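Down below is the structure, laid out as structure tokens.
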Amino acid sequence: MIITLKDGSTRAYESPMSVLEIATDISGGLGRMATAGEVDGKVVDLRTIVDKDCELNILTFDNSDAGKAAYRHTTSHILAQAVKRLYPEAKCAIGPAIEDGFYYDFDMPSLNREDLDKIEKEMKKVIKENHKLEYFELPREEAIKLMQEADEPYKVELIEDLPEDAIISFYKQGDFTDLCAGPHLMSTKAVKAFKLISSSGAYWRGSEKNKMLTRIYGTSYTKKQDLADRLAYLENIKNRDHNKLGREMELFTTVDVIGQGLPLLLPKGAKMVQTMQRWIEDLEDNEWGYVRTKTPLMAKSDLYKISGHWDHYKEGMFVMNDNEEAGKETMALRPMTCPFQYYVYKNSQHSYRDLPIRMGETSTLFRNEDSGEMHGLTRVRQFTISEGHLIVRPDQMVEEFKGCLALAKHCLQTLGVEEDVTYHLSKWDPENTEKYIGTPEEWDEMEGAIRDILTELDIDFTEDVGEAAFYGPKVDINAKNVYGKEDTMITVQWDSLIAKQFDMYYIDQNGDKVRPYIIHRTSMGCYERTLAWLIEKYEGKFPTWLCPEQVRVLPISEKYIDYAETVAKELKKNGVLVTVDNRSEKIGYKIREARKARLPYWVVVGAKEEEEGNVAVSSRFAGNEGVKPVAEFVDQICKEIRTKEIRKVEEQ
RNA sequence: GCUUCGAUAGCUCAGGUGGUAGAGCACUUCACUCGUAAUGAAGGGGUCGAGGGUUCGAGUCCCUUUCGAAGCUCCA
């Protein structure tokens, strides 16, 4: 047989050989490093016998994600073996490799750090014992019997749910056998460095209706240093966490008696949000053809009954006076702006010539999230988004949808975060149709249209089932927080269904009433969430135009406070956010504080500067920027703010 | 909502086995009037998240509750 390797070279073998044997034949080193193989694009075990011509790629921990996964998957089996030894009553559920590590779920009492340390010790023993991992397959009945005898009910359930023709495979290592599709390393000793990170609860099969199991998270590496680096990184990212840094920098806070998910934006945080809001509103209205609306924050339940929210999402709304006490109406705080803007549209009759109509609103929304869901500024019960609805003719839909994506891209670019997002086509779940309105045909058409647009725009995207809004599919633009968790930052939604519910129409050339299509979209998403994102992205060192304090004037001593105030006044006159540090402190102390506050610029003024009408400029981008006339500095910083420049730190 | 962990001064934290609360920073006052990452001194500040219980006595032990963190589930 002829084996074609990754580099295009070929090797010929007389008889069938395992992946491991071929890897070892290529080089002893590769044989030792190999964690799995890839035959004609399919990931396989090292034990897999290759018996015909194929393309073969030897996977290692370092050269591929699948290679890492095999390594960590074996680590998770070592974990399971150790747990079963220490806690014989524990039942095994599942234990896959994940990005940056692995986990294993057990039905057992919860664990604290001490328990994890004990388990780690036992794992080290298992590794040292150097068990071979042996692969074997069983027919369905025997597989079920084996797991029943082992008293592993979760494994039995997993086998029973496998398709009839599935190969049911196991890996045995010493006294531990686990149902597993593999691939796996050859022996436990191959795992060189690992750490159990944490434990928590996790529902069996991801459903809250099922029992909560105990999940143990861990990670493993081939080099001790890599593990140490990873642990240091995990420790370090806490310093970027917006929920910590944002509070430290006095951008926001929360108060017990005000409630969960209700952050208070402090003056600095509020200023940043104001800066973004003014930018977005002007951008939309002046350059992207939007009109502005301002609609109520609450409405009678009747409105939500028409929109479908009452049926689909009442649980997520803050409803007031639901039982109609004292003859008062039932009201609800709005969880979205859609129907309000529809009534703006319906206020007058529209010709086909009027469309598209693009309505923008800086919209405050209320969502009654479950108590465990709240997080800093990213998951809150009241937030404000750059919301908008476009009412368009069907023939305009594609162009307008593209326009919304272009605006979103422009916003991302301006904030300097374009590289950090992923695009998703969020589709409905055909298995769960009662969650949605519309027919399968309508959904196919809407999803197909979005797919075509994204493909045409050459945007990389994934397709996510069950992520659509109840009225239509959408493009979600997501970003990861420092912990790797994804949040939707921007959304553009296709809706050809709702207009009917609200009896929206326009008059076409023939004088007939026609249903418009609707695009629900945000240009830059939710201001609170975006602020959180920027805090983490920039570690609090924001682009100058977004900074709540752009310059601080530092008089050398109290004698120069008057001149400092003059300088500040000149900057303020030009729209620069400036303060004066007029405390009776040494200049070194004031500079230290200015740096600690992550200010973009601080200017020192003393006798020399006052005499000549200068300022001594320093910045976090370039350090000392020299002494220059006030007017020159004003010009410089105003230009940077006006152009929304994202100035880079210069190498020293 | 579920599992686990946590809450001590504005912030970061220390307070074996129960004996009546402490540090650094911050804040206030005074002195210093200063040239590029912390001037010195003095002072104020806590019903130890809240409520209940055990006890002669609770920051410490138990229960309830509120808020916070990680994960799960959810996220129009």
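All values derive from a computational prediction rather than experimental measurement. Letters A, B, ... mirror the listed sequences (proteins, then strands); counts begin at 1.
For RNA chain B, the stems formed by at least three consecutive Watson-Crick or G-U pairs, with both atom-pair distances below 3.5 Å, span B:1-7 with B:66-72, B:10-13 with B:22-25, B:27-31 with B:39-43, B:49-53 with B:61-65.
Note that the CZ atom of R247(A) and the CD1 atom of I535(A) stand 10.5 Å from one another [nearest 0.5 Å].
Atom CZ in R379(A) sits about 13 Å away from atom P in rG1(B), given to the nearest Å. Straight-line distance from the CG atom of N368(A) to the C1' atom of rC75(B): 12 Å, rounded to whole Å. Residue E486(A) contributes atom CD, which lies 13 Å from atom P of rC72(B) at whole-angstrom precision. If you measure from atom CD1 of I94(A) to atom C1' of rC72(B), you get 12 Å, rounded to the nearest angstrom. The interatomic distance linking E250(A) (CD) with rC27(B) (P) rounds to 11 Å, in whole Å. Following rounding to the nearest Å, H389(A) (NE2) and rA76(B) (C1') show an atom-to-atom distance of 10 Å. In this structure, D115(A) atom CG and rU4(B) atom P are separated by 13 Å, rounded to whole Å. Rounded to an integer number of Å, the gap from L234(A) CG to rG71(B) P is 11 Å.
With C1' as the reference atom, rC48(B) and rA41(B) are 30 Å apart, rounded to whole Å. Look at the C1' atom in both rA37(B) and rA14(B): the space between them is 28 Å, to the nearest Å. A gap of 35 Å separates the P atoms of rC27(B) and rU17(B), to the nearest Å. Using atom P as the reference point in both rG22(B) and rG16(B), the two lie 14 Å apart (nearest Å). Rounded to a whole angstrom, the distance from the P atom of rG6(B) to that of rG15(B) is 14 Å. Spacing between rG46(B) and rA50(B) at atom P, rounded to whole Å, works out to 13 Å. Taking atom C1' on both nucleotides, rA70(B) is separated from rA76(B) by 27 Å, rounded to a whole Å. When the P atom is used for both rA9(B) and rG45(B), the distance is 15 Å, rounded to whole Å.
Along RNA chain B, the nucleotide nearest to D370(A) and the one nearest to G376(A) differ in position, and the one closer to the 5' end is contacted by D370(A).
Using a cut-off of 4.0 Å between Lys/Arg side-chain N and Asp/Glu carboxylate O, R583(A) and E593(A) are scored as salt-bridged.
Counting only distance, with no hydrogens or angles, the side chain of T293(A) and the backbone of T295(A) share no donor-acceptor pair below 3.5 Å. Under the 3.5 Å distance criterion, the side-chain polar atoms of N210(A) are matched with a main-chain donor or acceptor of W204(A). Looking only at distances, no side-chain donor or acceptor of R521(A) sits under 3.5 Å from a matching main-chain atom of C404(A). Checked by atom type and distance alone, the side chain of K84(A) pairs as donor or acceptor with a backbone atom of A90(A) at under 3.5 Å. For the pair R595(A) (side chain) and R620(A) (backbone), a donor-acceptor distance under 3.5 Å is absent.
OP1 or OP2 of rC72(B) lies within a sub-4.0 Å distance of a side-chain N or O belonging to Y217(A). Residue N243(A) places no side-chain N or O under 4.0 Å from the OP1 or OP2 atom of rG68(B). Contact between the side-chain N/O atoms of H375(A) and the OP1/OP2 oxygens of rG68(B) is not found at any separation under 4.0 Å.
Within the nucleic acid shown, R247(A) has no heavy atom closer than 4.0 Å to any nucleic acid atom. At a threshold of 4.0 angstrom between heavy atoms, the contacts of Y471(A) are confined to the sugar-phosphate backbone, with no base atom among them.
Between W494(A) and F401(A), the ring-plane angle classifies as tilted under the 30° and 60° cut-offs. Ring-plane geometry between H375(A) and H242(A) is classed as perpendicular, the angle between the planes exceeding 60 degrees on a 0 to 90 degree scale with a lower cut at 30. Classification of the W310(A)-Y304(A) ring pair by plane angle, with boundaries at 30° and 60°, yields parallel.
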Write down the protein N/O and nucleotide N/O pairs, taken from nucleotides 64-67 of chain B, whose separation is under 3.5 Å; answer none if there are no such pairs.
unit_1: rC67(B); atom_1: O2'; unit_2: D256(A); atom_2: OD1; d: 3.1

Short N/O separations, protein against nucleotides 5-11 of chain B, under 3.5 angstrom:
none

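The side chain of E373(A) approaches rG1(B) more closely than any other nucleotide in the set rA70(B), rA76(B), rG1(B).
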- Message: salt bridge (Lys or Arg N to Asp or Glu O under 4.0 Å) for R515(A) and D503(A)? Distances and angles first, verdict last.
- Response: CA-CA 8 Å; R515(A) 298 274 176 234; D503(A) 191 28; 3.0 Å; yes

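More than 12 heavy atoms of other residues, nucleotides or ligands sit less than 6.0 Å from atom NZ of K91(A).
When ring centroids are compared, H389(A) and Y342(A) come within the 6.0 Å threshold. With ring centers used as reference points, Y217(A) lies 6.0 Å or more from Y104(A). Ring-centre distance between Y601(A) and F633(A): below the 6.0 Å cut-off. The aromatic ring centroids of F383(A) and F366(A) lie 6.0 Å or more from each other.
Non-hydrogen atoms lying under 4.0 Å from RNA chain B are contributed by S200(A), G201(A), A202(A), Y203(A), G206(A), E208(A), all within residues 194-210 of chain A.
The base of rC72(B) lies outside donor-acceptor range of the side chain of R215(A), with no N or O pair under 3.5 Å.
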- Message: I need a per-nucleotide contact map over nucleotides 32-38 of chain B, read 5' to 3'. Cutoff is protein heavy atoms under 4.0 Å; write B for the base, S for backbone only, - otherwise.
- Response: BBBBBBB

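Checked options T491(A), T522(A), T530(A); the residue passing with I385(A) is T522(A) (criterion: side-chain contact (heavy atoms from CB on, under 4.5 Å)).
Pairs passing the side chain to side chain donor-acceptor pair (under 3.5 Å) check and including a residue from residues 554-564 of chain A, sequence neighbours excluded, read E558(A)-S584(A).
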